[in-house]
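Report on one structure; see the data block that follows.
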Amino acid sequence: MVKIPMSSPDINEEDISAVLEVIRTPILSLGPKVVAFENALATYVGAKHAIAVNSGTAGLHLTAIAAGLKPGDRVLTTPFSFVASTNALLFENITPIYVDVNPQTGNIDVAQLRQAAMDLRNGKTDKWLPRKNSGNGKLKAILPVDVFGQPADYDAIGEIAREYDLEVIEDSCEALGAEYRSKKAGLFGKFGVFAFYPNKQITTGEGGVVITNDEKAATLMRALRNQGRAPGDTWLSHTYMGYNYRLDELSAALGISQLSRVDQLISQREQVANWYIKHLINTPGIELPVIVPETTRMSWFVFVIRLDSKINRAGLVARLEKHGVPVRPYFLPIHLQPYMVERFGYKDGDYPITEDLGNRGIALPFSGIMTEGQVEYVCHVLKQELPG
Ligand SMILES: *Cc1c(COP(=O)(O)O)cnc(C)c1O
């Protein structure tokens, strides 16, 4: 029976040799590969500093600290994301304040973002704060997410940030290589974060990178990822309370090798997305992804379609699975995750667009190594199983 994988990394012989080369040496951590990977990534994106870490989540956490955010402080962000963008704030007891999303892109709605920043600044907090545990600190930052590989609306976000003196932390974990008005994702805030889990555009197994042009922040994050050892500290002296967020040398070697063909990897994903679009266009009952004109380069992370609200998603998902086609609801809203409901008292209906997209979205099997035959098969099964 046919069985299509949900996602697959694209690993070639050079990737394998790169990892083998490292494992034959005694230096498996804190070596030259991490430095080389950081330099290559900084050059690729066009940032002064890149700090490699062992996950995207770890990277986001370090940016929250390096941005100077304190417990109780408030950060405007989106509930339509992977939980890590919120959890990185919660690790520091920072309060995420949610703004609903644009129904087309799933990225933070900038009209509502502007309103939220204005209201919070003027003490009109009712509409925006969670029902409980809302913190008592100041509004300090915006944390937009480049959802599914499409950059958020940074012209507006930049304006709002300047007007209200807010730091911007860009969660670009799904968008390595994407461009907004020809500028690369990750460069739109003081910090940008990328992730390299095996379903991302490039992989290191587990891993992530923070980019910034701020040297002081970069130095701090390098210390924090390495158990708080500042420059000059010895192995057992720790200037800061830090973390073990180090990326190992094997992972970094894989990252260097993957990054050397990142444009090819992104193009292959684009090819697969275009096959999906070709085979699904004008299919009744579904909506295809919307790419806005400001997105001068989409960096496809997942291929998410939206079902008509009349379609029973769970039933469809079960029928697709029977034909060897795995699909995933994408995203389940963060504010409705059990731990968020318990902590902040969120309810159904609080962020209607996020909930609607969350209820209707399914990610189809997707990777850069899918063949057109596989895409055709998925589309064929989908059309056959769609009701009506
Ligand atoms: C993948 C991802 C992350 C980071 O994930 P890790 O598994 O920690 O590397 C963060 N935010 C978003 C939106 C993501 O998709």
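One-based numbering, in listed order, for ligands and for the atoms of each.
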Check your understanding: Hey, which atoms in ligand 1 end up nearer than 4.0 Å to a heavy atom of Val145?
Key -> 13 (C)
Practice item. Flag this pair as yes if the NZ/CZ of Lys200 is under 6.0 angstrom from the six-membered ring centre of Phe301 and inside a 45 degree cone about the axis; otherwise no. Key: yes
Practice item. Enumerate the atoms of ligand 1 whose separation from the nearest heavy atom of Ala195 is less than 4.0 angstrom. Key: 4 (C), 9 (O)
Review point. Is there a path of hydrophobic side-chain contacts, each under 4.5 Å between heavy atoms of I, L, V, M, F, W or Y residues, that connects Val99 with Phe331?
Key: no
**Study point:** Within 45° cone of Phe188 ring axis and under 6.0 Å: Lys183 NZ or CZ
**Key:** yes
Practice item. Give the atoms of ligand 1, by number and element, whose distance to some non-hydrogen atom of Ala84 is under 4.0 Å. Key: 10 (C)
Point to revise | Same apolar cluster (I L V M F W Y, side chains within < 4.5 Å links), Ile353/Leu288 | key: no
Review point. Closest non-hydrogen protein atom to atom 15 (O) of ligand 1, residue and atom name please, with distance?
Key: Glu174 OE2, 2.5 Å
Review point. Strictly under 4.0 Å, does any heavy atom of Ser81 approach an atom of ligand 1?
Key: yes
Review point. Of all the non-hydrogen atoms in the protein, which one sits nearest to atom 1 (C) of ligand 1, and at what distance?
Key: Lys200 NZ, 1.5 Å
Exercise for review: Provide, to 0.1 Å, the distance between atom 9 (O) of ligand 1 and the closest protein heavy atom, together with that atom's residue and name.
Suggested key: Gly56 N, 2.8 Å
Exercise for review: Using a 4.0 Å heavy-atom cut-off, say whether Thr57 meets ligand 1 through its side chain, its backbone, both or neither.
Suggested key: both
**Study point:** Protein heavy atom at shortest distance from atom 12 (C) of ligand 1
**Key:** Asp171 OD2, 3.5 Å
Point to revise | Of Thr86, Thr78, Thr77, Asp350, the residue whose pairing with Tyr98 passes side chain to side chain donor-acceptor pair (under 3.5 Å) | key: Thr86
Check your understanding: Looking at atom 3 (C) of ligand 1, what's its closest protein heavy atom, distance included?
Key -> Cys173 CB, 3.5 Å
Study note, to complete from the structure: In this structure, CD of Glu179 is separated from NZ of Lys184 (nearest 0.5 Å) by 5.0 Å
**Study point:** Between Glu372 and His279: side-chain donor-acceptor atoms closer than 3.5 Å
**Key:** yes
